[in-house]
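Input: a single structure, listed below in structure tokens.
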Amino acid sequence: MAHGDLHLDSRVIHGGQSPEPGTGAVMPPIFTSSTFIQDSPGVHKGFEYSRSHNATRFAAERLLASIEGSRLTDAEDRTNGGFCFASGLAAIGTALELLDCGDSILCMDDVYGGTNRLLNRVRKRSQGLKVEFVDMTDLGRLEAAIKAHAPKMIWVETPTNPTLKLVDLAAVAKLGKACGAITVCDNTFATPLLQRPLELGIDLVMHSTTKYLGGHSDTVGGALVTGDKALAEKLRFMQNAIGSVMGPFDAYLTLRGVKTLAVRMRQHCSSAARIAAWLEKHPKVERVTYPGLASHPQHALAARQMRLDGQPAGGGMITAYLKGGIDESRRFLENVHIFALAESLGGVESLIEHPAIMTHASVPAEQRKVLGISDSLVRLSVGIEHVDDLIADLEHGLAKA
Ligand SMILES: Cc1ncc(COP(=O)(O)O)c(C=O)c1O
């Protein structure tokens with residue numbers, strides 16, 4: 001059976017991999033060599049220089065291509081349309097190089113603060129990109145923006161960081177095709193276990209592998225995956241030409257992390273669903289946003305687009321608005337102990353943070369206000385500790401808020 005036909009639970013372990021031919025090693029070795037011997041000038045084993053060719057990175061790239069559902073063959077693209085980078089932002093930066101100077105890009109209005117910063121404060125200036133942030137939860141607005149700006153790229157994050165808004169990927173893919181724009185989905189929050197952008201017609205999937213794919217808060221990396229041969233060809237060139245590649249150690253940690261993605265995501269989802277329901281009833285909590293709650297404004301879309309084992313799955317991220325303001329938020333965040341007060345997300349350990357001060361401080365204050373990233377908003381990344389311990393920890397923090 002071809003790897004591409006296996007269940008995702010099997011693909012996370014075997015996808016794109018085969019035992020190393022020299023020794024039979026089951027895990028791909030960490031190839032640290034920066035260069036490779038040639039028998040005669042230009043005659044080699046397919047490996048010349050490690051920025052361009054690294055077998056550990058290739059294994060990680062093929063694995064991510066497999067789990068995101070790229071069907072590109074080895075003959076069509078050496079790593080089946082998967083590309084790994086030094087960080088999520090390096091992946092985003094390389095994807096933006098698909099655009100020409102002065103092109104127009106439409107970006108979901110709520111995105112990771114670093115994505116906003118790269119577009120607003122770097123690429124507008126250095127690449128002359130015309131950037132419009134659009135609330136794509138309203139497809140009418142997206143259609144109007146497409147008419148007004150003739151975009152070459154549409155950048156979607158769903159669920160969004162931090163307000164967990166959802167975007168209808170199949171609809172965006174259709175609109176993108178009709179206007180000839182490359183559609184990109186940052187799939188970091190949902191992971192390919194829950195959400196299948198390529199199968200919904202999106203051209204390019206992006207990941208911060210630092211998060212759920214790595215899964216253990218011990219590696220920084222990024223990835224792009226496409227099932228489109230022409231796009232893969234351009235990305236292969238760009239990855240090498242720009243050079244912000246993932247190193248072999250990080251590629252190894254990503255390979256190792258992804259092996260447990262399926263079991264981890266099940267636990268993240270079930271614990272987060274319980275915690276979200278509990279928080280929603282807590283007297284010190286004003287409002288909870290979680291795609292798996294019936295109260296989520298796009299619950300129906302969530303149930304359709306984010307699924308695990310054939311059932312709706314809300315993911316591992318929750319945002320909550322506490323009653324009160326910055327003082328209450330601070331006291332709460334200072335008084336939780338299992339939830340580590342730290343940026344990032346998607347690890348086995350639970351993390352909690354204050355987006356307005358931490359991850360999204362780089363989003364202009366005006367835009368934060370429009371998006372609802374207020375002083376009372378906290379973001380939880382629910383880990384895989386025992387859920388009762390997590391609830392007890394939150395209860396302790398809320399009692400002090
Ligand atoms: C949704 C999302 N996309 C992209 C990034 C950027 O990834 P990295 O920090 O690996 O550069 C992040 C980081 O938090 C993120 O949350």
Side-chain angles (χ1 to χ4, degrees), residues 2-4 11-95 97-98 204-207 209-210 213-214 218-259:
H3 280 168
R11 264 192 271 164
V12 292
I13 295 165
H14 299 290
Q17 294 172 61
S18 44
E20 197 264 329
T23 60
V26 168
M27 270 304 279
I30 304 173
F31 286 98
T32 56
S33 189
S34 60
T35 191
F36 302 88
I37 194 92
Q38 308 205 2
D39 295 335
S40 175
V43 180
H44 51 75
K45 295 180 169 59
F47 292 83
E48 290 170 282
Y49 182 63
S50 215
R51 167 166 35 77
S52 328
H53 316 118
N54 180 279
T56 318
R57 194 184 80 227
F58 281 1
E61 292 175 332
R62 289 194 190 103
L63 171 62
L64 299 190
S66 166
I67 62 174
E68 279 293 357
S70 165
R71 291 266 171 180
L72 290 181
T73 61
D74 291 355
E76 287 170 316
D77 181 74
R78 191 163 181 181
T79 54
N80 315 131
F83 301 90
C84 285
F85 299 88
S87 67
L89 271 170
I92 299 172
T94 305
E97 299 290 354
L98 294 167
L204 189 57
V205 174
M206 178 263 148
H207 277 281
T209 59
T210 315
L213 299 189
D218 57 4
T219 169
V220 171
L224 296 172
V225 179
T226 183
D228 180 290
K229 184 169 177 293
L231 211 45
E233 214 165 281
K234 286 185 189 159
L235 287 171
R236 181 154 302 289
F237 172 79
M238 290 298 176
Q239 185 193 39
N240 186 51
I242 295 159
S244 48
V245 292
M246 180 181 275
F249 288 98
D250 291 301
Y252 170 77
L253 286 171
T254 305
L255 278 160
R256 189 161 83 153
V258 169
K259 284 188 189 283

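For reference, positions follow the sequence shown, starting with 1.
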Point to revise | salt bridge (charged side-chain N to carboxylate O under 4.0 Å, His left out) involving K234 - partner list, sequence neighbours excluded | key: none
Point to revise | Considering all heavy atoms, the nearest S66-G16 contact | key: CB-N, 4.1 Å
Point to revise | Residues in side chain to side chain contact (heavy atoms under 4.5 Å, CB included) contact with T210, at least two apart in sequence or another chain | key: S208, V220, S344
Study note, to complete from the structure: Distance col, row L224:CG vs S70:OG, nearest 0.5 angstrom, shows 12.5 Å
Study note, to complete from the structure: All heavy atoms of T209 vs all of A223, minimum pair found to be CG2-CB, 3.9 Å
**Study point:** Nearest non-hydrogen partners of P19 and G24, listed with the distance
**Key:** CB-O, 3.9 Å
Review point. Could you give all pairs that pass the side-chain hydrogen bond (donor to acceptor under 3.5 Å, both in side chains) test and reach residues 23-45, with sequence neighbours left out?
Key: E20-T23
Review point. What pair of heavy atoms forms the shortest contact from M246 to G221, and how long is it?
Key: CE-CA, 3.8 Å
Practice item. Please report the closest heavy-atom contact between A65 and G82, naming both atoms and the distance. Key: CB-N, 3.8 Å
Point to revise | Nearest-0.5 Å distance that lies between atom CG in D250 and atom CG in D218 | key: 8.5 Å
Point to revise | Counterpart residues, ring-ring contact (aromatic ring centres under 6.0 Å, His included), relative to F249 (two or more places apart) | key: none
Study note, to complete from the structure: dist N80:CG -> T226:OG1 (nearest 0.5 Å) comes out at 12.0 Å
Point to revise | Closest contact, heavy atoms only, K259 versus I13 | key: NZ-O, 2.8 Å
Review point. CD of Q239 to OG1 of T79: how many Å apart, nearest 0.5 Å?
Key: 7.0 Å
Revision key, fill the gap. Interatomic distance, CG@L98 vs CG@L231, rounded to 0.5 Å, equals 5.5 Å
Sequence neighbours left out, cut at 3.5 Å: what donor-acceptor pairs do the side chains of residues 51-59 make with other protein atoms?
{"unit_1": "R51", "atom_1": "NH1", "unit_2": "N240", "atom_2": "O", "d": "3.2"}
{"unit_1": "R51", "atom_1": "NH1", "unit_2": "N240", "atom_2": "OD1", "d": "2.9"}
{"unit_1": "S52", "atom_1": "OG", "unit_2": "N240", "atom_2": "OD1", "d": "2.9"}
{"unit_1": "H53", "atom_1": "ND1", "unit_2": "E48", "atom_2": "N", "d": "3.0"}
{"unit_1": "N54", "atom_1": "OD1", "unit_2": "T56", "atom_2": "N", "d": "3.0"}
{"unit_1": "N54", "atom_1": "OD1", "unit_2": "R57", "atom_2": "N", "d": "3.0"}
{"unit_1": "N54", "atom_1": "ND2", "unit_2": "F31", "atom_2": "O", "d": "3.0"}
{"unit_1": "N54", "atom_1": "ND2", "unit_2": "S50", "atom_2": "OG", "d": "2.8"}
{"unit_1": "T56", "atom_1": "OG1", "unit_2": "P29", "atom_2": "O", "d": "2.8"}
{"unit_1": "T56", "atom_1": "OG1", "unit_2": "F31", "atom_2": "N", "d": "2.8"}
{"unit_1": "R57", "atom_1": "NE", "unit_2": "E61", "atom_2": "OE2", "d": "3.1"}
{"unit_1": "R57", "atom_1": "NH1", "unit_2": "S50", "atom_2": "O", "d": "3.3"}
{"unit_1": "R57", "atom_1": "NH1", "unit_2": "R51", "atom_2": "O", "d": "3.1"}
{"unit_1": "R57", "atom_1": "NH2", "unit_2": "R51", "atom_2": "O", "d": "3.3"}
{"unit_1": "R57", "atom_1": "NH2", "unit_2": "S52", "atom_2": "O", "d": "3.4"}

Exercise for review: State the OG1-CG distance between T219 and L253, to the nearest 0.5 angstrom.
Suggested key: 5.5 Å
Exercise for review: Please collect all salt bridge (Lys or Arg N to Asp or Glu O under 4.0 Å) contacts where either partner lies in residues 76-90, sequence neighbours excluded, each pair once.
Suggested key: D77-R236
Practice item. Determine, step by step, whether T254 and C84 satisfy the side-chain contact (heavy atoms from CB on, under 4.5 Å) criterion, reporting the C-alpha distance in whole Å, the side-chain angles of both residues, the deciding distance to 0.1 Å, and the verdict. Key: CA-CA 10 Å; T254 305; C84 285; 5.6 Å; no
